[in-house]
Every structure is written in C-alpha cells, then in structure tokens.
Amino acid sequence: MTTPRPDRQSLPYRDCVGVAIFNQQGNVFIGRRIASADPEDNSEVQAPWQMPQGGIDKGEDPLRAALRELHEETNITSVSLLAEAPEWIYYDLPDDALGIALKGKFRGQRQRWFAFAFTGKEDEIDVHTPGGGKFTAEFDSWRWEKLGRTPALIVPFKKDAYDQVVAAFADIPQRFTHT
C-alpha cells in the first residue's frame, strides 16, 4: 500500500545555508555524499558531489549557520567572508522524494549562500571525522573544482539552484587568479 504524496503547495521550504569555499587557485570545495541506508537521504546519491550546506537552526543567523555547517561537514574553520548571494535561492524536491526527503515536511529548500576564502592549510580539512569525530561524516571524499562545473556534478533537481550560485559568485575565481 502506497502512502499518498502530500500536496506540494501545502508544504513550506526549509531554511538552509550553502557554502562556496574557494582555495587560493579560485576553485571551490566539493564533497561526495556518503550513500545512506536511509531512503530520506538517498535523494542526493544519484550525483553525489555538492558544496557544504545545511539547515538554519531556529533563531540562528544565516552567516553563523554557514560557518557552523562548514565546520560540521568539513572541519574547516579558517575562512574569510568574500560575499553573500543577493537573494534566497530555492529548489524543489522531485515528485518521488516529496513526503520522504527532508523528513517529509518540506517541498524543498530556501538557501542563503555564502562565499568564503579558505585561509588554512589543507590538513585542516577532515570530512571523515569532522570536529575530531564530534560530528557525523556526510562526505566520504572531497576535492577542489571549478565553480562553473558544479551544476553538472550536482543532483539534477538542484542544478538550477547551482546555476544561480555560479552566477552570484562568478567574479570570485578571477580574484584569486589575477592577484
């Protein structure tokens, strides 16, 4: 027996942050999502590479949430703020994930995106035991990638959102390559 899907229009968006962290070559950090046995989390496994992101806690400032999520997912704390996307960026879950992903409570996410320069050394990055093991690993691998390539690496239903992130931060890679 299948459970009927909720009405998309009746569900809110989950407030969330996204982080584009740039290295000295002007490339961004991307992590490969760990495949989960939980079907709620498997909506992103089709194309598992993404930039760090996560929910904004009740009453939490989006910038503080971005720094927290970055640390919880990557162990990174050595950053300098470069920019904030000028507006919220939205994505909707695909029909087959509606009522399942995001605890079944949301139609998608409303994301506030921030760009940071990574000012530390690469050995600070630890996706396997972030926070010295205090946080659950969400990535099993990571690499630096050109910002413009990220929409092709993300799960398809987030591609339009990543296109907007690329547009919002398009000038940033040049800041690193022309210094």
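Note that these values count all heavy atoms, side chains included, but never hydrogens, waters or copies made by symmetry.
Checked against M51 for a side chain to side chain contact (heavy atoms under 4.5 Å, CB included), the options L147, L153, I21, L70 give a single hit: L147. Considering W49, F116, F118, W142 as possible partners of F29, the one that fulfils the ring pair (Phe, Tyr, Trp, His ring centres under 6.0 Å) test is W142. For the pairing with Q53, the side-chain hydrogen bond (donor to acceptor under 3.5 Å, both in side chains) check across Q111, E69, E73 returns one residue only, Q111.
F106 and Y13 make their closest contact through CD2-C, 3.6 Å (heavy atoms, listed as atom of the first residue, atom of the second, distance). Residue A83 comes nearest to I172 through the heavy atom pair CB-CD1, 4.1 Å, listed as atom of the first residue, atom of the second, then distance. Between P173 and F22, the shortest heavy-atom distance links the atoms CG-CE2, 3.8 Å. Here the closest non-hydrogen pair linking F169 and E84 is CE2-C, 4.0 Å. A pairwise comparison of heavy atoms in I34 and A137 identifies CD1-O, 3.5 Å as the closest pair. Contact between P62 and V17 at its shortest, heavy atoms only, is O-CG1, 3.4 Å.
Atoms CZ and CD1, on R64 and I56 in that order, are 13.0 Å from each other to the nearest 0.5 Å. With rounding to the nearest 0.5 angstrom, the NZ atom of K158 is 12.5 Å from the CG atom of D92. Atom NZ of K134 and atom OG1 of T129 lie 13.5 Å apart (nearest 0.5 Å). R110 contributes atom CZ, which lies 12.0 Å from atom CD1 of I89 (distance to the nearest 0.5 angstrom). A distance of 15.0 Å separates OG1 in T77 from CZ in R68, rounded to the nearest 0.5 Å. To the nearest 0.5 angstrom, I154 atom CD1 is 11.0 Å from D163 atom CG.
In terms of hydrophobic clustering, with Ile, Leu, Val, Met, Phe, Trp and Tyr side chains grouped at heavy-atom distances under 4.5 Å, F139 and Y162 are assigned to different clusters. Under the 4.5 Å side-chain heavy-atom criterion for Ile, Leu, Val, Met, Phe, Trp and Tyr, I30 and V155 are members of the same hydrophobic cluster. The hydrophobic cluster containing V28 does not contain V127, counting ILVMFWY residues as joined when their side-chain heavy atoms lie under 4.5 angstrom apart, directly or transitively. The cluster map of Ile, Leu, Val, Met, Phe, Trp and Tyr, joined by side-chain heavy atoms under 4.5 Å apart, puts V19 and W144 in the same cluster. Hydrophobic clustering of Ile, Leu, Val, Met, Phe, Trp and Tyr side chains at less than 4.5 Å, counting indirect connections, unites W88 with F114.
No donor-acceptor pair closer than 3.5 Å links the side chain of R107 to the backbone N or O of D7. The backbone N or O of S78 sits less than 3.5 Å from a side-chain atom of T119, completing a donor-acceptor pair. Although no hydrogens or angles enter the test, the distance criterion places no donor-acceptor pair under 3.5 Å between the side chain of D57 and the main chain of E60. For the pair N75 (side chain) and I125 (backbone), a donor-acceptor distance under 3.5 Å is absent.
Side-chain polar atoms of Q25 and N27 form no donor-acceptor pair below 3.5 angstrom.
Ion pairing between a basic and an acidic side chain is recognised when a charged N comes within 4.0 Å of a carboxylate O; R8 and D95 show such pairing.
The number of heavy-atom neighbours closer than 6.0 Å to CZ of R143, taken from other residues, nucleotides and ligands shown, is above 12.
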- Item | R14/K103 under side-chain contact (heavy atoms from CB on, under 4.5 Å): CA gap, chis, key distance, verdict | CA-CA 11 Å; R14 176 181 180 234; K103 298 183 176 144; over 6 Å; no
- Message: Between D160 and Y91, is the side-chain contact (heavy atoms from CB on, under 4.5 Å) condition met? List the steps.
- Response: CA-CA 8 Å; D160 290 343; Y91 74 80; over 6 Å; no
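You'll find the side chain of I76 reaches within 4.5 Å of the side chain of E124, heavy atoms only. Two residues are said to be in side-chain contact when any heavy atoms from C-beta on lie closer than 4.5 Å; Q164 and Y90 fail this criterion.
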